[in-house]
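Input: a single structure, listed below in structure tokens.
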Amino acid sequence: MSSKKSDRELRKFRQFIDAQVPGGTSHMSDSDIANLRDLVDTRRRPEVALGLIREMDALLELDDRLLEQRMTDSVASGIKFDSPAEARSWLRQFRALLAGNQDGGS
């Protein structure tokens, strides 16, 4: 893939994340964005997606207090949620994206 095309795809992915993730990507480097993009490229690495889906399912099963504590503890992700409901909504959307890419890659 050409460097120009790769840069353009990275910019598009950054814009997508900015539109979907509370707080956007201003704190993320291009390398972080590229790594995240690789994680959600479930056609190339389906085993990663399955692990993420399992983790999201576990988070979604927690009660609000535990979910809020878990999401606060994972501040390293750089994603900040205002409420457990917002975290659940984001987790469901991201899970659907991963699962949809898996189904489409078969």
Side-chain angles (χ1 to χ4, degrees):
M1 174 183 326
S2 74
S3 178
K4 214 175 203 183
K5 184 176 179 183
S6 179
D7 290 347
R8 186 171 49 246
E9 287 179 0
L10 195 60
R11 276 194 307 274
K12 281 179 63 177
F13 188 71
R14 183 181 284 274
Q15 290 169 345
F16 170 75
I17 297 300
D18 280 337
Q20 300 297 319
V21 175
T25 62
S26 61
H27 62 285
M28 298 174 77
S29 69
D30 284 348
S31 177
D32 291 338
I33 296 293
N35 289 335
L36 180 59
R37 183 189 58 198
D38 290 345
L39 279 176
V40 298
D41 185 356
T42 54
R43 289 180 186 101
R44 283 192 316 169
R45 301 197 48 210
E47 71 282 358
V48 174
L50 290 174
L52 289 171
I53 288 169
R54 281 192 295 272
E55 178 67 20
M56 286 179 207
D57 287 344
L59 288 170
L60 287 166
E61 290 175 6
L62 297 174
D63 67 34
D64 283 354
R65 183 183 58 77
L66 289 173
L67 178 63
E68 188 169 27
Q69 180 181 357
R70 180 77 185 269
M71 297 310 282
T72 301
D73 289 345
S74 49
V75 130
S77 71
I79 301 171
K80 192 172 189 177
F81 299 102
D82 293 329
S83 68
E86 184 181 37
R88 285 183 198 288
S89 174
W90 187 86
L91 286 166
R92 284 187 193 106
Q93 290 175 42
F94 193 47
R95 188 198 183 290
L97 172 73
L98 290 171
N101 281 347
Q102 283 242 288
D103 295 341
S106 310

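When reading the values below, keep in mind they use all heavy atoms of this one structure, side chains included, and skip hydrogens, waters and symmetry mates. What you are looking at is a predicted structure, and each value in this text was computed from that prediction instead of being measured.
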Which distance, rounded to the nearest 0.5 Å, do you find between the [atom1] of [X] and the [atom2] of [Y]?
X: Lys12; Y: Arg8; atom1: NZ; atom2: CZ; answer: 8.0 Å
X: Asp63; Y: Glu68; atom1: CG; atom2: CD; answer: 10.5 Å
X: Glu55; Y: Leu91; atom1: CD; atom2: CG; answer: 9.0 Å
X: Asp64; Y: Arg88; atom1: CG; atom2: CZ; answer: 4.5 Å
X: Glu47; Y: Leu52; atom1: CD; atom2: CG; answer: 10.5 Å
X: Trp90; Y: Met56; atom1: CH2; atom2: CE; answer: 5.5 Å

**OP:** Run the numbers on Arg14 and Asp30 for side chain to side chain contact (heavy atoms under 4.5 Å, CB included), then give the verdict.
**Re:** CA-CA 9 Å; Arg14 183 181 284 274; Asp30 284 348; 2.9 Å; yes
Would you confirm whether [X], through its side chain, and [Y], through its main-chain N or O, come within 3.5 Å as a donor-acceptor pair?
X: Ser83; Y: Glu86; answer: yes
X: Asn35; Y: Asp32; answer: no
X: Arg95; Y: Asp57; answer: no

Original post:
Closest approach of Ile33 and Leu10, non-hydrogen atoms and distance?
Top reply: CG2-CD1, 3.5 Å
